[in-house]
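Structure first, commentary second.
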Amino acid sequence: MVTISKMEKEILVSREVDVLVIGSGPAGSAAAINAARNGAKTLLVEYMSIPGGISTSGLMSHYTGTVDSSLYREVLQRMAEDDQMAAKGISATVIDPTSMTLAWIELLEESGAEMLFYTMACEAIVEDHVVKGVVIQNKSGRSAILSKVVIDATGDGDIAASAGVPYIKGRESDGAMQPATLMFKVAGVDMEHAVFPGSFETTVPTKKGELQALAKKLLPHPAGHVLLYKSTHDGIVTVNMTNAIGIDGTTAEGMTQAEITCRKQIPAIIEFLHEYVPGYENCYVISTASLIGIRETRHLKGLYTLTETDILERRQFEDYVVKGAEFNFDVHNMTGGSLDKTGVQAKFPKDVKYTIPYRCFVPEEIDGLLFAGRNISGTHMAHSNYRAMPICLAMGEAVGIAAAISVKKGIAPRYVNAAEIQECLAKDDQ
């Protein structure tokens, strides 16, 4: 490997805060909100231009899964109060990206958390196995932000990995990771006659054949399924049909390939919609996501690793900080379109409400650091369930409280008592 030598410059410390949150998806935004609400001087850093992650920049259609979380209910209440949605009787779980962006900004501002967008977090600053802050890069140059606690809500565990936290990528047996998707929206849909298959296991008979079978046969590999969702606007539908396999979302090369693959599939998908899907004969693309949807990368190693068995047995951990989590094993096919053979959606057991212990968010050896979101300590199969946005939001809600307690008491996050986090969460419910 060819290398160059460059003298290291001194790095300016641009900020000093109590809690530094990296990544502003539902997990990161929730973490920043609750850390600030609990008295910590908090800064949220995001490399996109807006907060919300896949819920906004990713053009996600709706919140899937559910969780017992006061902050999640608060987010839904904000959406329910939106004049446009309320007037049309649209479910608060359906996402309008513009309204959702404003809701996240307002919640963050009201909490007292500061925001810094267009900023890439480069690496953790670590001294004696303690994370002291993060090096960032943005239009203002390269600088360091020091903090008492860092929360890695990057989705990919970028900061934790740079701090030396062990991890595995993807499936334990072979490292395979779920495919990437670029969401997009189409207009011109005849809503009276349109169909809305909402899962891989939803079959739709038509005069020309069953839609899922037709997609598998006719769409360019590795695309091959039909997922269509109503939006908050008449005649506009959110499309979840692009597919990129063999992608490593922790590399720039992987992200680039995912974008290219998915965008090149869109014209063929539109032709398929015109020809085979009722109500979509005259549809056309009006927007594509500015953030590629990466489902799976690093599973960080914490004090406890959540398993598939924990979920199926509805484990109620004594040190839980997330409760009432409920979804299915949403494993997308890692060799093509549709559901992976290990995934279970329609036949997933009902009312599987489980908890996630605080230990899943705490690294084994590194202090000054917490995780939140899909990068927490869990197995590949467990991850396919807890990666749903409401559950990730609840993780951030709890971890933000934990970080604030850590700062307030002057103790490492690992020594925060889960019972105290539970108490704070209970107060928020009142």
Side-chain angles (χ1 to χ4, degrees), residues 23 25-28 30 53-55 58 60 63-67 152-158 160-161 165-181 200 245-250 254 292-315 317 320-322 324-334 339-345 348-349 352-364 370-396 398-399:
I54 291 300
S55 73
M60 186 58 188
Y63 286 102
T64 59
T66 189
V67 71
D152 186 332
T154 60
D156 302 307
D158 294 332
V165 175
Y167 61 85
I168 65 166
K169 286 185 184 179
R171 188 163 54 191
E172 292 81 3
S173 61
D174 58 6
M177 291 175 270
Q178 291 200 50
T181 292
F200 295 126
I245 59 175
I247 298 298
D248 185 345
T250 68
I292 192 83
I294 300 294
R295 292 184 175 87
E296 181 179 22
T297 51
R298 296 186 183 98
H299 305 296
L300 300 167
K301 180 63 175 174
L303 294 174
Y304 184 80
T305 300
L306 195 73
T307 69
E308 172 186 2
T309 301
D310 292 331
I311 292 173
L312 289 174
E313 293 184 352
R314 302 166 174 81
R315 286 285 302 276
F317 292 93
Y320 78 86
V321 292
V322 174
E326 186 176 9
F327 194 37
N328 55 54
F329 291 140
D330 189 28
V331 187
H332 291 229
N333 188 357
M334 288 170 275
L339 190 68
D340 190 78
K341 61 182 180 181
T342 63
V344 185
Q345 292 183 338
F348 190 81
V352 178
K353 296 181 184 295
Y354 62 95
T355 65
I356 305 177
Y358 181 53
R359 288 167 289 161
C360 289
F361 310 107
V362 182
E364 286 185 312
L370 290 166
F371 328 134
R374 62 177 171 83
N375 53 206
I376 70 164
S377 186
T379 65
H380 162 76
M381 283 301 293
H383 159 273
S384 73
N385 192 300
Y386 64 64
R387 70 178 178 83
M389 288 194 300
I391 301 173
C392 288
L393 187 157
M395 295 179 194
V399 166

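Because the structure is predicted, anything quoted here is derived from the model rather than measured.
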Are the side chains of [Y] and [X] in contact, using a 4.5 Å heavy-atom criterion?
| X | Y | value |
| --- | --- | --- |
| Leu312 | Pro349 | yes |
| Val322 | Tyr386 | no |
| Met177 | Ile247 | no |
| Lys301 | Pro363 | no |

Mind listing the closest non-hydrogen atom pair of [X] and [Y] along with its distance?
| X | Y | value |
| --- | --- | --- |
| Gly28 | Ala153 | CA-CB, 3.5 Å |
| Asn385 | Glu326 | OD1-C, 4.4 Å |
| Ala160 | Phe371 | CB-CE2, 4.0 Å |
| His299 | Lys169 | CD2-C, 4.5 Å |
| Thr64 | Ala388 | O-CB, 3.4 Å |
| Ile391 | Phe327 | CD1-CB, 4.3 Å |

Distance (rounded to the nearest 0.5 Å) between [X] [atom1] and [Y] [atom2]:
| X | Y | atom1 | atom2 | value |
| --- | --- | --- | --- | --- |
| Asp310 | Cys360 | CG | SG | 8.0 Å |
| Phe200 | Leu339 | CZ | CG | 6.0 Å |
| Thr379 | Leu306 | OG1 | CG | 7.0 Å |
| His332 | Thr181 | NE2 | OG1 | 6.5 Å |
| His380 | Ser173 | NE2 | OG | 7.5 Å |
| Ile311 | Ser384 | CD1 | OG | 7.0 Å |

Give a yes or no answer on whether the side chain of [X] reaches the backbone of [Y] with a donor-acceptor pair at less than 3.5 Å.
| X | Y | value |
| --- | --- | --- |
| Arg298 | Asp156 | yes |
| Ser377 | Tyr304 | yes |
| Asn328 | Phe348 | no |
| Asn333 | Asp340 | no |

**OP:** For the pair Met381 and Val331, evaluate side chain to side chain contact (heavy atoms under 4.5 Å, CB included) and give the outcome as yes or no after the intermediate values.
**Re:** CA-CA 8 Å; Met381 283 301 293; Val331 187; 3.9 Å; yes

Subject >> Identified side-chain hydrogen bond (donor to acceptor under 3.5 Å, both in side chains) counterpart of Thr297 within the set Arg374, Gln178, His383 >> reply: Arg374

Original post:
Just checking, any donor-acceptor pair under 3.5 angstrom between side chains of Asp152 and Thr154?
Top reply: yes

**OP:** Test Asn375 against Tyr167 for side chain to side chain contact (heavy atoms under 4.5 Å, CB included), laying out the working first.
**Re:** CA-CA 9 Å; Asn375 53 206; Tyr167 61 85; over 6 Å; no

Subject >> Residues Arg295, Asp330; criterion salt bridge (charged side-chain N to carboxylate O under 4.0 Å, His left out); working and verdict >> reply: CA-CA 10 Å; Arg295 292 184 175 87; Asp330 189 28; 5.6 Å; no

